[in-house]
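Step one of this worksheet: look at the structure below.
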Amino acid sequence: MTNNPSIDFYNNPELKFSGDIPTGRTGWRSPSNIALVKYWGKKPVQIPQNPSVSFTLSRSYTETLVEYSPAGHEGMEVTFYFDGKPNDEFGRKTKTFFENLKNIFPFLDQLKFTILSKNTFPHSAGIASSASGMSALALALCDMEQKYFNTLSREEDFFQKASYIARLGSGSASRSVYGGLTIWGQTEALPGTSDLYACPVTSGIHPDFLSYQDSILLVDTGQKKVSSRVGHGLMDKNPFAKQRFGQARENIKSLLNAMTSGDIETFINITESEALTLHAMMMTSNPYYLLLKPNTLNIIERIFDFRNFKNIPVSFTLDAGPNVHLLYPDGYKSRVMPFIENELAPFLSHNGYIDDEVGNGPEKLMKD
Ligand code: PMV
């Protein structure tokens with residue numbers, strides 16, 4: 001892959017129906033992801049201030065069915081159902097997203113949409129539902145482009161464009177269109193990386209990291225008080241921003257080296273430092289804010305102790321919320337599960353935890 005995509009992502013006036021406007025449907029299952037080196041801070045339009053790298057998850061995903069038919073006089077319409085119920089807020093957001101994509105997919109204006117979507121994980125559980133949701137929608141739109149205009153028949157073009165479109169909906173969603181380990185943002189660590197779309201790391205990773213486990217410990221599943229959009233914006237004036245972006249650029253190189261050689265100690269050191277730095281950026285923004293909860297810290301302390309006393313390489317990372325992602329190689333699962341059930345359970349909300357792991361990426365739900 002190159003930084004100059006082989007297809008023109010921006011301006012495709014030919015992607016418009018000239019004859020009959022079709023009725024049809026497409027559906028995608030797309031997973032969430034958890035960043036190891038975090039994206040926090042951006043430039044217009046959805047360009048990251050530093051590269052990020054994530055594990056795509058397996059069992060935390062969104063399934064989205066997109067039904068379309070010819071638009072009426074009013075032009076494009078979107079009706080959205082979430083978990084089987086009409087959801088006007090998601091409908092409005094999706095319509096705005098589609099409106100902003102009209103230059104890229106002129107056919108959008110010729111259609112009306114009914115979108116049915118559901119997540120396998122609790123809504124607002126602090127798992128990036130925007131990553132799975134936006135990537136599922138982006139894949140569905142690229143699927144329509146390929147079906148009616150046959151412009152994305154090369155698999156790498158299809159997924160590169162889906163990643164580009166997903167990025168415009170939510171930066172982290174760009175990484176969810178690929179399985180395994182995925183990088184978004186230009187970095188010397190991997191040739192072909194770009195700020196415009198994510199790239200999968202397809203070779204060289206030590207086998208220990210290909211089946212890594214992520215038990216998502218749900219401390220608090222309430223809606224977070226400060227959105228990621230606002231958090232990214234506050235980085236523009238954060239006094240530590242420049243050092244932070246430089247640190248992330250170095251961390252991604254060191255992390256990939258460690259993941260190539262199988263150096264779990266360095267992996268733990270970088271991922272935990274990244275998690276705490278993400279929250280340190282929130283605490284040092286103006287206005288400052290705090291998304292961690294007392295039980296987040298209780299769990300982190302137990303993880304440190306368990307690792308030190310039992311010599312088991314468990315570690316944690318955090319997203320923009322209080323829930324803790326407990327990371328470990330799958331060979332340790334039988335010893336980590338009792339740790340969660342016995343020692344960590346008192347700190348979890350009634351939703352408990354989600355037993356997830358690195359996954360293979362999105363899947364199309366139906367054949368054409
Ligand atoms: O994709 P956004 O705009 O919701 O930002 C997500 C940022 C983090 O989840 C905190 C980190 C990341 O890289 O996924």
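The first residue of the sequence shown is numbered 1, and numbering continues consecutively from there. Each ligand, and each atom within it, is numbered from 1 in the order the structure gives.
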**OP:** Apply ring pair (Phe, Tyr, Trp, His ring centres under 6.0 Å) to F55 and list each qualifying residue two or more places apart in sequence or on a separate chain.
**Re:** Y212
Original post:
Under 6.0 Å from the six-membered ring centre of F240 and within 45° of its axis: does the NZ or CZ of R244 meet both?
Top reply: no
Original post:
Are the charged groups of D319 and K38 less than 4.0 angstrom apart, N to O?
Top reply: no
Original post:
Sequence neighbours excluded, which residues qualify as salt bridge (charged side-chain N to carboxylate O under 4.0 Å, His left out) partners of R249?
Top reply: none
**OP:** Quick one: which residue pairs count as a salt bridge (charged side-chain N to carboxylate O under 4.0 Å, His left out) with a foot in residues 285-298, not counting sequence neighbours?
**Re:** D220-K293
Quick check for students: name every N or O atom pair between ligand 1 and the protein closer than 3.5 Å, with distances.
from: ligand 1; atom 1: 1 (O); to: S170; atom 2: OG; distance (Å): 3.0
from: ligand 1; atom 1: 1 (O); to: G171; atom 2: N; distance (Å): 3.4
from: ligand 1; atom 1: 1 (O); to: S172; atom 2: N; distance (Å): 2.8
from: ligand 1; atom 1: 1 (O); to: S172; atom 2: OG; distance (Å): 2.7
from: ligand 1; atom 1: 3 (O); to: H232; atom 2: NE2; distance (Å): 3.1
from: ligand 1; atom 1: 5 (O); to: H232; atom 2: NE2; distance (Å): 2.9
from: ligand 1; atom 1: 9 (O); to: D319; atom 2: OD1; distance (Å): 2.6
from: ligand 1; atom 1: 13 (O); to: Y39; atom 2: N; distance (Å): 3.0
from: ligand 1; atom 1: 13 (O); to: R175; atom 2: NH1; distance (Å): 3.0
from: ligand 1; atom 1: 13 (O); to: R175; atom 2: NH2; distance (Å): 3.3
from: ligand 1; atom 1: 14 (O); to: R175; atom 2: NH2; distance (Å): 2.7

Subject >> Side-chain (N308) to main-chain (F304) donor-acceptor, under 3.5 angstrom >> reply: yes
